[in-house]
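Sequence lines set the chain letters: A, B, ... in the order given, protein chains first and strands last, and positions in each chain run from 1.
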Amino acid sequence: MAQKPAIPKGTRDFLPDEVARRTYIFDTIKSVFKTYGFAPIETPSFELSSTLLGKYGEEGDRLIFRILNSGEKMKKADLDALKSENLARFANSLAEKALRYDLTVPFARFVVQHQNDLSFPFKRYQIQPVWRADRPQHGRYQEFYQCDADVVGSDSLLYEVDFVQIFDQVLTNLQIPGFTIKINNRKILSGIAEVSGESDKLIDITVAIDKLDKVGEEGVIKELLEKGVSENAIGIISPLFQIGGSNEERLAQMKTFLKDSEIGLKGIEELEFVLNQTTELGLERAEIEFDVTLARGLNYYTGAIFEVKVHDVKMGSICGGGRYDDLTGLFGLSGLSGVGISFGADRIYDVLNELDLYPEDTNAGLTLLFANFGDKEAAYCMKLTKKLRQIGVDCEVYPSAVKMQKQFKYADNRKVKFVALIGDDELTKGQLQVKNMESGEQKAMTETELLQFFKG
RNA sequence: GAGGUUGUAGCUCAGUUGGUUAGAGCGCUGGUUUGUGGUACCAGAGGUCGCGGGUUCGAGACCCGUCUCCCUCCCCA
């Protein structure tokens with residue numbers, strides 16, 4: 001035997017039953033996206049490196065899978081960069097293409113390229129795999145699916161309201177018992193930086209504050225000091241650590257805190273609008289929480305920021321999203337505001353598996369199997385399968401006339417719902433035996449009765 | 001990218017301080033005579049103990065390297 005086969009780390013194979021479960025998740029998400037007026041698009045799995053690089057920050061660039069140039073293009077390798085140890089530039093000269101890292105940046109590219117064919121606001125959804133050269137961990141893969149819905153070309157906050165409803169609808173439909181939609185606004189974070197007098201350290205401050213629930217107040221202060229934030233500024237920021245209570249109470253506290261920051265107050269106003277509208281509409285299973293410490297790494301968000309966490313499961317956020325006022329600006333089309341969300345299908349899949357939340361019929365089973373009693377009988381069954389398939393019944397004939405025990409065992413493993421037995425007797429009588437594999441009940445019926453039975 | 005951990009049949013694991021032909025359960029295959037599965041009984045197949053090197057008379061067990069899994073950080077879905 002050759003060496004045992006393997007797949008790259010952070011990737012997975014899916015068996016038929018697993019695919020059935022994943023299809024259920026994708027279908028649930030798709031159908032909700034559709035009811036909110038989103039239409040699907042697709043983009044290539046790889047893009048030009050120049051499209052992706054520099055869009056996700058330094059960390060993100062490191063996680064982008066590069067596609068090595070081949071043939072003559074190998075000659076484009078920048079050997080000078082290698083000599084001068086500029087490895088990043090050398091790597092870029094070796095790879096003109098790269099696997100997509102998310103669906104948002106390719107979408108921005110798509111919008112700019114097809115701007116004349118689109119009517120705005122443009123709403124699309126996209127369900128495709130993305131790749132990250134990350135170190136695999138629980139709920140973290142190198143290949144995984146994102147399910148994105150975005151709108152570009154409108155700055156209306158009604159879309160933020162819609163997205164909150166979509167989170168609630170999808171996760172409720174998937175039977176997830178409890179989950180929290182965390183919401184914040186990047187303008188509030190800007191306001192905090194402004195009030196503290198450290199506007200240029202916005203990113204450092206938000207990243208540090210984001211860790212509050214993980215490292216605690218002291219941890220955050222330590223990180224702020226390390227990043228060179230002044231003690232004075234930290235003194236101004238620290239009251240934020242005490243913010244709590246209901247969403248209304250938090251808003252009130254933040255209003256006071258940000259009273260001298262125009263941008264901060266704008267953020268509060270936007271957030272208040274979304275929260276109020278959401279209260280008007282109501283939520284099925286979701287809880288919504290204003291979380292000042294919610295930051296999210298991506299540098300392109302400018303307004304609302306979302307993140308969804310499932311209760312009682314140890315798993316990173318299963319959904320994220322937010323508003324980006326000028327994403328397409330990176331590709332030369334400015335002035336288009338966008339807002340979007342993403343469902344992490346693979347994490348949702350893991351959560352559903354962990355909580356065992358699949359509906360009963362989510363498997364790759366077969367509806368009807370014809371037992372094989374010999375050539376003559378099988379030939380008759382083949383004719384029947386053709387008729388059944390025309391009315392949409394999935395069925396098949398067992399391939400050989402082996403002993404019944406074996407055929408039934410096969411039916412069992414395939415999770416077959418019904419087995420039809422047509423032997424010599426039945427052929428002459430025109431009566432078929434149909435056995436319900438779950439109840440064990442077996443009854444005789446004619447061919448027309450059989451077709452009728454499965455039609456209903 | 002940094003640190004830690006794990007790796008024995010298809011799966012879940014046992015395997016005493018290194019010592020003969022490496023075990024169990026589940027699963028799988030066949031059987032328990034006539035056309036009936038999910039239960040029972042019997043039998044069988046299946047492992048160069050992640051991979052490569054080293055120490056030793058002898059290594060699944062010890063050492064080094066490497067890959068993988070999982071975990072912490074980072075970042076995120």
Side-chain angles (χ1 to χ4, degrees), chain A residues 1-12 15 25 29 56-64 87-88 101-104 127-148 203 207-208 210-211 214-215 219 223 294-299 305-310 314-322 340-351 369-374 377 398 401-427 432-442:
Chain A
M1 262 294 271
Q3 219 180 356
K4 273 189 185 170
I7 54 175
K9 64 176 175 184
T11 64
R12 299 185 283 182
L15 296 168
I25 295 171
I29 294 171
Y56 308 100
E58 210 176 303
E59 277 293 311
D61 277 3
R62 210 189 67 213
L63 299 178
I64 291 173
L87 295 178
Y101 175 89
D102 71 358
L103 300 178
T104 308
I127 297 181
Q128 292 191 283
V130 303
W131 294 268
R132 294 186 188 177
D134 205 352
R135 183 164 290 199
Q137 243 177 78
H138 181 57
R140 174 174 301 202
Y141 304 95
Q142 293 209 338
E143 178 185 62
F144 61 97
Y145 273 78
Q146 288 195 330
C147 312
D148 279 28
I203 304 271
V207 167
D210 186 35
K211 292 176 190 154
K214 233 177 194 171
V215 299
E223 176 156 346
L294 175 63
R296 298 192 55 75
L298 296 175
N299 347 32
I305 318 168
F306 305 110
E307 197 167 285
V308 180
K309 298 267 297 181
V310 177
K314 205 180 162 233
M315 176 72 71
S317 57
I318 56 166
C319 309
I341 58 170
S342 178
F343 287 83
D346 291 80
R347 284 190 178 172
I348 293 174
Y349 172 70
D350 288 346
V351 167
L369 175 76
F370 287 88
N372 189 324
F373 287 91
E377 292 87 345
Y398 193 85
V402 296
K403 45 165 58 175
M404 274 310 110
Q405 196 183 29
K406 193 170 172 163
Q407 300 196 33
F408 269 91
K409 207 158 191 183
Y410 171 79
D412 233 20
N413 293 340
R414 278 290 303 272
K415 298 196 182 84
V416 171
K417 293 191 185 75
F418 297 94
V419 173
L421 299 141
I422 304 168
D424 206 26
D425 272 8
E426 287 81 6
L427 262 191
L432 346 166
Q433 295 290 332
V434 178
K435 177 165 179 165
N436 180 326
M437 290 298 282
E438 208 185 324
S439 64
E441 195 184 336
Q442 185 169 320

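Under the 4.0 Å criterion applied to side-chain N and carboxylate O atoms, Arg12(A) and Asp346(A) are assigned as salt-bridge partners.
Aromatic rings of Tyr398(A) and Phe370(A) (six-membered ring for Trp) have centroids beyond the 6.0 Å cut-off, not under it.
In this structure, rG30(B) forms a base pair with rC42(B), meeting either the Watson-Crick or the G-U wobble geometry with both donor-acceptor distances under 3.5 Å. For rA59(B), there is no paired base (Watson-Crick or G-U wobble, both distances below 3.5 Å). Pairing of rU21(B), defined by two Watson-Crick or G-U wobble distances under 3.5 Å, is not identified with any nucleotide.
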*Given ring pair (Phe, Tyr, Trp, His ring centres under 6.0 Å), test Tyr101(A) with Tyr56(A) step by step and report yes or no.*
CA-CA 9 Å; Tyr101(A) 175 89; Tyr56(A) 308 100; 4.2 Å; yes
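Judged by ring centres under 5.5 Å apart and planes tilted less than 30 degrees, Phe343(A) fails to stack against the six-membered base ring of rA77(B).
Phe306(A) has its CZ atom 17 Å from the P atom of rC76(B), to the nearest Å.
Residue Arg135(A) places a side-chain atom within donor-acceptor reach of the base of rG3(B), judged by atom type and a 3.5 Å distance cut-off alone. For Arg140(A) against rC75(B), a side-chain-to-base donor-acceptor contact under 3.5 Å is present.
Here Lys435(A) lies in heavy-atom contact (under 4.0 Å) with a base. Using a 4.0 Å heavy-atom cutoff across all strands shown, Lys309(A) reaches no nucleic acid atom at all. Within 4.0 Å of Glu438(A), counting heavy atoms only, lies at least one base atom of the nucleic acid.
Remark: Arg347(A) fails to qualify as a cation-pi partner of Phe144(A) under the 6.0 Å distance and 45° angle criteria applied to the six-membered ring.
Side-chain nitrogen and oxygen atoms of Gln407(A) include none within less than 4.0 Å of the OP1 or OP2 phosphate oxygen of rG37(B). Contact annotation: Lys403(A) does not reach the phosphate of rU34(B) (side-chain N/O to OP1 or OP2, under 4.0 Å).
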